[in-house]
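The structure appears below as structure tokens.
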Amino acid sequence: MNRKKQSVALGLCACLLGGCSGEGFQVRQLLAGRESVVFEQSLYLPEYEFEKVRCDVEEGCYQVNTEMEAGLLIGNLIDSGVRKAAIVSEQDLDLDKVFMYALTISPVTFEAQYSQRQQITGIRRTVFTLTVQDEQELQRSRSHARRVVSEVIDPAMEDWQKVQALHEWVVLNTAYDQQAPLLTMAQRKKNISFRAAGVFERGMATCSGYMEAMHLLLNEAGVASLKVFSNTMDHAWNLVNVGGQMRYVDATFDDPVPDEPGRVLTDSLLLSPAQLHQLGKYEFDASTSTTLSEAELEAYFEFLF
């Protein structure tokens, strides 16, 4: 048997770690040690059935076949408050890629530590523990997001109107923190400007803070969002699902610097992939184990929706 342990720290633009919510998954059936589990409250394939099997891990093992499927599972587990679980697969999955897919839909950035064992049958069993930086902070951010959505969003709005209204709220209530990018990595970990709390608690954030706040707000309003990271640009923004169509939203670039109270730009609001490229200022990463390319992000979007 082959064992390995690895700690994976994921994030960009100093996107740091956050918290969890209550469990939102449901067991549909139990047969001979197998459960069919769905995450019915999720915005990402809520009817998708994961098979959970008994194994030598107390929490049980979820059977997955692809990196995207595993990323969907882990993203939903994080959103549901689960911090430790296991996956089994007949495929040799790139676990770093799995956690990158999970990161795009999870409410927060996280660190993952895992131990993998390959059995004689070829089945690979991976136990992982997920660590977020501040559970209480995310709970506060989610509370802020619920309040904002209740004040800004009319349930009768179309999805594009919800995106527009939340984008406007973030830009009007946030100033870009021009000093934060100059901090050391150790200082960044303590600075809420790199997280949604920067928007909600101080009204000041970097791109990752804008992106995470938009993600929480959109999800609270029932609009699914993928978080987009670009090491090439040192930047982050959102990919949203509007009626099954891909639309990019970048609240950071639509907020004037220095801040101009009351002014909201719309140059980076609800852009199709073609329109995003026409701007000539966006660069996606190439595909690696710890980055997702534009093609991979859009393929994941197609998988989810």
Side-chain angles (χ1 to χ4, degrees), residues 10-13 15 39 42-48 64-76 78-79 91 93-109 158-160 162-164 166-167 207-208 210-219 221-254 266-305:
L10 302 177
L12 176 77
C13 264
C15 277
F39 295 85
S42 176
L43 295 175
Y44 310 95
L45 293 178
E47 295 299 314
Y48 196 95
V64 294
N65 296 306
T66 68
E67 282 97 1
M68 288 186 184
E69 182 184 25
L72 170 63
L73 169 69
I74 295 171
N76 279 329
I78 296 170
D79 192 46
Q91 310 301 319
L93 302 181
D94 184 335
L95 295 172
D96 289 347
K97 184 73 77 176
V98 165
F99 290 120
M100 283 304 302
Y101 281 123
L103 179 62
T104 67
I105 65 172
S106 70
V108 290
T109 307
E158 299 288 343
D159 283 351
W160 69 268
K162 294 178 181 179
V163 175
Q164 187 175 46
L166 294 172
H167 165 274
C207 60
S208 58
Y210 282 80
M211 176 268 294
E212 288 201 346
M214 281 295 298
H215 185 76
L216 290 177
L217 288 164
L218 289 164
N219 277 247
V223 180
S225 160
L226 275 67
K227 297 183 290 186
V228 182
F229 307 93
S230 171
N231 286 302
T232 304
M233 288 180 66
D234 191 25
H235 191 48
W237 61 100
N238 301 84
L239 173 60
V240 299
N241 176 24
V242 179
Q245 300 297 313
M246 288 182 289
R247 292 294 182 265
Y248 288 100
V249 178
D250 188 341
T252 309
F253 278 179
D254 281 344
T266 57
D267 296 341
S268 300
L269 173 62
L270 291 169
L271 300 177
S272 69
Q275 291 172 324
L276 189 83
H277 284 287
Q278 287 174 1
L279 291 179
K281 60 183 180 181
Y282 284 91
E283 297 180 79
F284 290 83
D285 289 331
S287 174
T288 70
S289 290
T290 56
T291 59
L292 296 176
S293 67
E294 179 182 16
E296 287 172 326
L297 279 165
E298 296 185 354
Y300 194 39
F301 181 97
E302 294 293 341
F303 169 72
L304 294 173
F305 309 112

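- Side-chain atoms of T291 come within 3.5 Å of backbone atoms of A286 as a donor-acceptor pair (strictly under, hydrogens ignored).
- Side chains of D250 and D267 form no contact here, defined as non-hydrogen atoms less than 4.5 Å apart.
- Shortest non-hydrogen contact noted between F229 and D285 is O-OD2, 3.8 Å.
- Taking every heavy atom of both residues into account, G75 and A102 meet most closely at N-CB, 3.8 Å.
- Of all heavy-atom pairs spanning L270 and V240, the tightest one is CD2-CG2, 4.4 Å.
- With sequence neighbours excluded, the residues satisfying ring-ring contact (aromatic ring centres under 6.0 Å, His included) with Y282 are W237, F253.
- For the atom pair CG of L226 and OH of Y248, the computed distance is 9.0 Å after rounding to the nearest 0.5 Å.
- Annotation: side chain of C207 is not in contact with side chain of M233 (no heavy-atom distance under 4.5 Å).
- The stretch residues 239-249 participates, sequence neighbours left out, in no salt bridge (charged side-chain N to carboxylate O under 4.0 Å, His left out) pair at all.
- Between the CD1 atom in I74 and the CG atom in L103 there is a gap of 11.5 Å [rounded to 0.5 Å].
- Nearest heavy-atom pair across F305 and A224 is CZ-CB, 3.4 Å.
- Among all heavy-atom pairs drawn from D254 and H167, the shortest one is OD2-NE2, 2.8 Å.
- In this structure, H215 and N238 have side chains that are in contact, with non-hydrogen atoms separated by less than 4.5 Å.
- Using a 4.5 Å cut-off on side-chain heavy atoms (C-beta onward), S208 and K227 make no contact.
- The side-chain heavy atoms of D79 and F39, taken from C-beta on, include no pair separated by under 4.5 Å.
- Put simply, OG1 on T109 and CD1 on I78 are 9.5 Å apart, with the number rounded to the nearest 0.5 Å.
- Minimum interatomic distance between A70 and V98 (heavy atoms only, all atoms of both residues): CB-CG1, 3.6 Å.
- Side-chain polar atoms of Q164 and T266 form no donor-acceptor pair below 3.5 angstrom.
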From CA spacing to verdict: side-chain contact (heavy atoms from CB on, under 4.5 Å), M100, S289: CA-CA 8 Å; M100 283 304 302; S289 290; over 6 Å; no
Stepwise side-chain contact (heavy atoms from CB on, under 4.5 Å) check, M246 with E302: CA-CA 9 Å; M246 288 182 289; E302 294 293 341; 4.1 Å; yes
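- By the 4.5 Å heavy-atom criterion applied to side chains, M211 and T252 are not counted as neighbours.
- Judged by distance alone, with hydrogens and angles left aside, the side-chain atoms of S230 form a donor-acceptor pair with the main-chain N or O of E283 at under 3.5 Å.
- Among residues two or more places apart in sequence or in another chain, the salt bridge (charged side-chain N to carboxylate O under 4.0 Å, His left out) test is passed with E296 by K97.
- Rounded to the nearest 0.5 angstrom, T66 OG1 and D94 CG are separated by 12.0 Å.
- Put simply, the side chain of M214 does not reach to within 4.5 Å of the side chain of S225, judged on heavy atoms.
- Checked by atom type and distance alone, the side chain of N231 never pairs as donor or acceptor with a backbone atom of D234 at under 3.5 Å.
- For the side chain to side chain contact (heavy atoms under 4.5 Å, CB included) test with Y101, the passing option among L72, L297, L292 is L292; the others fail.
- For the 3.5 Å distance criterion, the side chains of E69 and Y48 qualify, holding a donor opposite an acceptor.
- Counting heavy atoms from C-beta on, the side chains of K162 and L218 never come closer than 4.5 Å.
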Stepwise side-chain contact (heavy atoms from CB on, under 4.5 Å) test for L276 and F284: CA-CA 11 Å; L276 189 83; F284 290 83; 3.6 Å; yes
Check against side-chain contact (heavy atoms from CB on, under 4.5 Å), L43 and L304: CA-CA 9 Å; L43 295 175; L304 294 173; over 6 Å; no
